[in-house]
Participant: 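Dropping the structure in here first, questions after.
Lettering follows sequence order; numbering is per chain, from 1.
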Amino acid sequence: MSRSGPVAAYGPILAVALLLAMLPVATSANTILNSMVMALLIALAGQGWNILGGYGGQFSFGHAVFFGTGAYVTALLQARFGVNAYVAFAAGIAAGAMVGTILGYLSFRSGLRGSYFALVTLAFAEVFRILANATAFTGGAAGTLVKLDVRPENFQFSSRAVFFWIALGLVTAVMLGVRFMERSRFGAWLVAVRENEDAARALGVDTLKVKIQAITLSAGVTAAAGGFYVQYFLFIDANLAYGTWISIEALLVPIVGGLGTVFGPLIGAVALHGLAEATKAIAGRIPGIDLALYGSLLVLAIAFAPNGLQGLMAKIGRGLSFGRAP
Amino acid sequence: MTTHRFGTTRRQVLLAGAGLAGTLGMPGLVRAQAAAVKVGVLQPLTGALAQDGQAGQLGAELAIKAINAAGGIKSLGGAKIEAVMGDARSTPEGGTAEVERLAAENVSAIVGGFASPICLAATQAASRYDLPYIVDVGVNDQIVSRGLKNTFRFAPGSSMVSGQALDNLVKLNDAAGKPMKTVVLVHEDGLFGSGLAKLLQAELPKRGFEVIDTIAHPTPARDMSNVALQIKAKNPDLVIPSSYYGEFVLLARTMQQQRVKPKGIYAVLNGAASNYRFVKEFPEAAQFVIDTNHWYDPRNATAIALKKEVEAQGKFFLYNVALNYSAMLLLADAIERAGSADRAKIIAALETSTFGGHIMPYGPTKFVNGQNTGAAAVNTQVQNGDIKVIFPEAFSDAKAVFPVPA
Amino acid sequence: MFSPEIVTAAVLNGLLTGAVYALVSVALTLVYGVLHIINFAHGATLTAAMFAAYVAWQAGIDPLVAVIGLAPLFFVLGYAVQRWIIGPASHGEDRNILLVTLGLSIVIENVLLATFRSDTRSIDVPYGFSSVDLGFVFLPMPRVIAFGITCVVALLLWILLARTDAGKAIRAVAKDKLGAALVGIDVPHVYAVTFGLGAACLAVAACVLLPSYFVNPRVGNAYVLVAFTVVVLGGMGSVPGAVIGGLFIGIVESLSGLYFGESLGQLGIFLIFILVLLVRPTGLFGARA
Amino acid sequence: MSGPLLSVEGASKRFGGLLAVDGASFTVERGSITGLIGPNGAGKTTLFTLVAGFETLTAGTVCFKGDDLGRMPPHERAKRGITRTFQIVQPFAGLTVRENIAVGAHLRHAARGEALARAEAVAKRVGLGDRLDQPASGLTVAGRKRLELARALATEPTLLLLDEVLAGLNPSEVRDIVPVIREIRDGGVTILMVEHVMQAVMSLCDRVFVLAQGRIIAQGTPTEVTRDPAVVEAYLGHGAAARLASREVARG
């Protein structure tokens, strides 16, 4: 991977994106499109997490803080100040990134790592949730509603396919960006920080700066997922924005798909989403059975594919090629 | 635009089907072949709101059973109603995903939603297909104020309920000789609690009450001791709580432990005071608590029979059951009058509905901008282990105990 | 702003609430201290224990009696889950442990949901509404009992860790698992024992909590974030730290709830949490990481 | 240019009650290989980390090219040209040999292609040229030592700090790597090494400083230093020098 040319590096991403882009042509079933939009949204949030957690080795339990900030800024700028949706969306990403910078500065400067960093992010998300729930400006507990006005200039579309393409575009752009990062000095330094901080410092890597840059990027990407969520549902409240669900989904998909890989979050999101739909279809009417099944399969997956799905596929691939050898 | 084309195509097929039924005009033949009308029942069956969702689903199912047993939709040749269940998983995303699935399964309308965030997302998703959506509970006023043509709310919204709560309180207090003057508001800081508290804070003083404290608490709360202590210190005549089930149970129990005994507890849209589980588990703490809430009409024979049926299943007759039961009947009436499973025609029929065959203490149904203006909340009071309607008198089955005897 | 009586009462109430926090946190810190993992299934285990106590109560057994059977039962369950599920499934990798416990918590919560449905249930024990009257404040009996039992459990745990061979082995593994393995300690066994102890603590917490609280399939989560705060405050892995931290947080929460409102009271906890992490991540009460 | 490349004046480091380094002063001349030796626990590694910036001085100064480095963090020092290796090797285990070395090369080469090319060249210099695409975790101890060296070298340092780079190697491996170190110096890199393997010190170092109990007790060429009674005492205990001396006298 280290010496591959640009075609080998970026080609597969574009190919996958093009293939996926055909989906609305192949099926007009909005059930599938809606499901895929949600999967892409989670893949986007997860890719954000992956930049910091997968490449930088800093596990966050509180990416909701970025998702929620992106969501709230996107929603509030429109609802309160009548700002154009696209501008609000961009501002949401910027605000999320800024929160990332601040959070990163505070915690990395204090030398927080591992479980401690994970916990501090969790706590930040919780503080934001409580504040958003209690502040009148955010609409308090009633949440904030973006005015329903389905026009392309409002980032609102009557067709699920358009949302799908936008989500796909965002995910693809970020994947290309992550691939570019992988192949840059910053990427090399970030991975060095993950592998061994002291060694990285000895080699002239400003580890604090690299980590802060990484969390800023990471936060911006996850905030984009939040902003997109708002445009898709036109509603946000404190529990949706800053609840633990998104923190968990965001970390789950890259880990399941393949940590620190460009495709990991997308593979994880599609797989987990598919798993959830499948268990739901199998489980029948007793509430909870489907999720219990989902949880069990998750545990089994970790037991038998500890390096994520990509690791599993690689293992199977190796097994096959060994099998073919004379 | 793909979706719209798709929706239209499906509608045309349905129209053709209905037309065929009409031209044949032979009831006997048609009845044998009448295709069932699919109706979506969307409830949060899993997650935080599953208790309410399951009760709502039960109500809708019982209604469908009753409609089909009575011969189905007569104008469609006795077509049966077929429920397609959807689990909103207690989240807006879950609700949206299920609306998409229900729409793809060709339902003619959707009933349910329960929580406001779910209703907001689900009605919006349904509006893409001009799919009629009857909100069962979701009290957020914005659900019907967004101008969605497909959205109808059978039950009162929060501003209606709180307005009625205020009016009823004044009337109750006047009738008892104005024993209540000072009030402490306790509310959860969640979806409806804070808004309600704000309104009460503004309105109560205008009606002769003095709000001496407003105490917010989170959901879930782990401890209500402080709230009870503060109430004790303020010693109000009346406590007005609006909280979810668990928190109100904690509050009521803690108040009893701390020997805090106001002259009345007057709840608004309370999770517990209209819940038989609370009444059964803590008869002492629940005694004489008044709630302003959705409730069935206790004088309605159907409601009484239905309550027996539900309780025979070992379940509680929560208001969700009665509301969804009624909403489903309302929908069936609209389909009957539309004489079609076509979505647009059902919407038109709902818009002109005057349906009165429900089991709620409402007048005839009349939708204005999607809100049933005939809807009303009533006052219930826990009396000796049962929940009685005490106000308005037209629907009451017990007299109010107000103020509570010391 | 408030009379001294109310403030004193709030402090006492906070102390009583804090006792339960302490118990839940001790379980968390014990597992963290030895296995160095964050157990995502902590809340779900507490919920499961509360349902177990609820079932016992329906069978006519008071939770305070049921605890005698439930604590050993949960010890065995905890042991088994760590030894035969979490251990093997996680291949010793931290991130896998995280995922396995996350998966387990989803399973536990939803099996409970499928079994008991989502109703919020509570029990009405005979002493449920009796109080200890201190003249200016009534202390609810169930919580006074909870406080007493917490103290006993903390003491027992301390004796176990400090005075027994099993305790020595646990401490050895906590300090240096490689070294412990070299001197012949069965590390997976010690891990499982620790996990079992944690689960047993949760069973006790569940039994003392149920008479004054309620139970539904998500109830345990309300205690998890607080437990994390307590554990961080007391120093991750420090049992005495968790006890003191639990009581301290109970009081802080109670007082800040009184002065700043209940909703913001919880905010106070998290601000303390963040501050401690940023300024002194090893905890206020010593315990070097 | 005049003056030593590195000069440490009165460096002290206190950890709680322990004074690990106590007023140590020494200099490293340009183009030299300077050794820092001493018995276990003498404070060599601490002094070393002070120079590299991983610890901050309690007292004293570290001057590089005449500038006081003060509390400059390690990565800044690396930019100035001071790079260290670790006694316990710290490879980026998940990366290949090439990627490992490229991290170092990136300090002076922002472009990835350049850094990778540079990494390849450095790998060849230290004898890792045939293992470029192996994962670092798969290397032998000797291989990892070379990798440690290569990574540091890839930063194009002026002063290379080697922390027991020969420890844990067998004699033949030591023989293989000694010329590599000498070549590095011949290529214009000044080297300061903490070392235990005396054979290597004797053959490599131009000048040696001996540290005992946090203080510099002797300095000079390797031969001079090994004859210094203070050094012998520090290594072998009190009175050892006198005993050795008397034995030599008797033999002589």
Participant: What closest approach, in Å, do A:Glu195 and D:Ala93 show between heavy atoms, and which atom pair accounts for it?
Facilitator: OE1-N, 3.2 Å
Participant: For chain D, find which of A:Ser184, A:Ala199, A:Gly260, A:Ala200 contributes the most heavy-atom pairs closer than 4.5 angstrom.
Facilitator: A:Ala199
Participant: Got more than 12 heavy atoms from elsewhere within 6.0 Å of CD1, D:Ile88?
Facilitator: no
Participant: Below 4.5 Å from any heavy atom of chain A, which atoms of D:Ala110 appear? Answer side chain, backbone, both or neither.
Facilitator: both
Participant: Do D:Phe92 and A:Val191 come close enough that some side-chain heavy atom pair is under 4.5 Å?
Facilitator: no
Participant: Measure D:Thr83 against the heavy atoms of chain A and call it side chain, backbone, both or neither at under 4.5 Å.
Facilitator: both
Participant: Check whether any side-chain heavy atom of A:Thr207 lies under 4.5 Å from a side-chain heavy atom of D:His75, and answer yes or no.
Facilitator: no
Participant: For chain A, which of D:His109, D:Glu76, D:Gln90 has the most heavy-atom pairs under 4.5 Å?
Facilitator: D:Gln90
Participant: What heavy-atom pair brings A:Val205 and D:Val103 nearest, and what distance separates the two atoms?
Facilitator: CG2-CG1, 4.3 Å
Participant: Looking at A:Ala202 and D:Ala78, what are the two nearest heavy atoms and their distance?
Facilitator: O-CB, 3.7 Å
Participant: Any non-hydrogen side-chain atom of D:Phe86 less than 4.5 Å from a side-chain atom of A:Asn196?
Facilitator: no
Participant: Select one option (side chain, backbone, both, neither) describing which atoms of D:Ala52 are under 4.5 Å from chain A's heavy atoms.
Facilitator: neither
Participant: Taking atom CG of A:Leu203 and atom NZ of D:Lys79, what is their separation to the nearest 0.5 Å?
Facilitator: 13.0 Å
Participant: Give a yes or no on whether the backbone of D:His106 and the side-chain of A:Arg185 come within a donor-acceptor separation of less than 3.5 Å.
Facilitator: yes
Participant: Any idea which heavy atoms bring A:Arg183 and D:Arg112 closest together, and the distance?
Facilitator: O-CD, 2.5 Å
Participant: More than 12 heavy atoms of other residues, nucleotides or ligands under 6.0 Å from CZ of D:Arg80: yes or no?
Facilitator: no
Participant: With a cut-off of 6.0 Å (strictly less than), are more than 12 heavy atoms of other residues, nucleotides or ligands near CZ of D:Phe54?
Facilitator: yes
Participant: Tell me, yes or no, whether the heavy-atom count around A:Tyr105 atom OH, taken from other residues, nucleotides or ligands under 6.0 Å, exceeds 12.
Facilitator: no
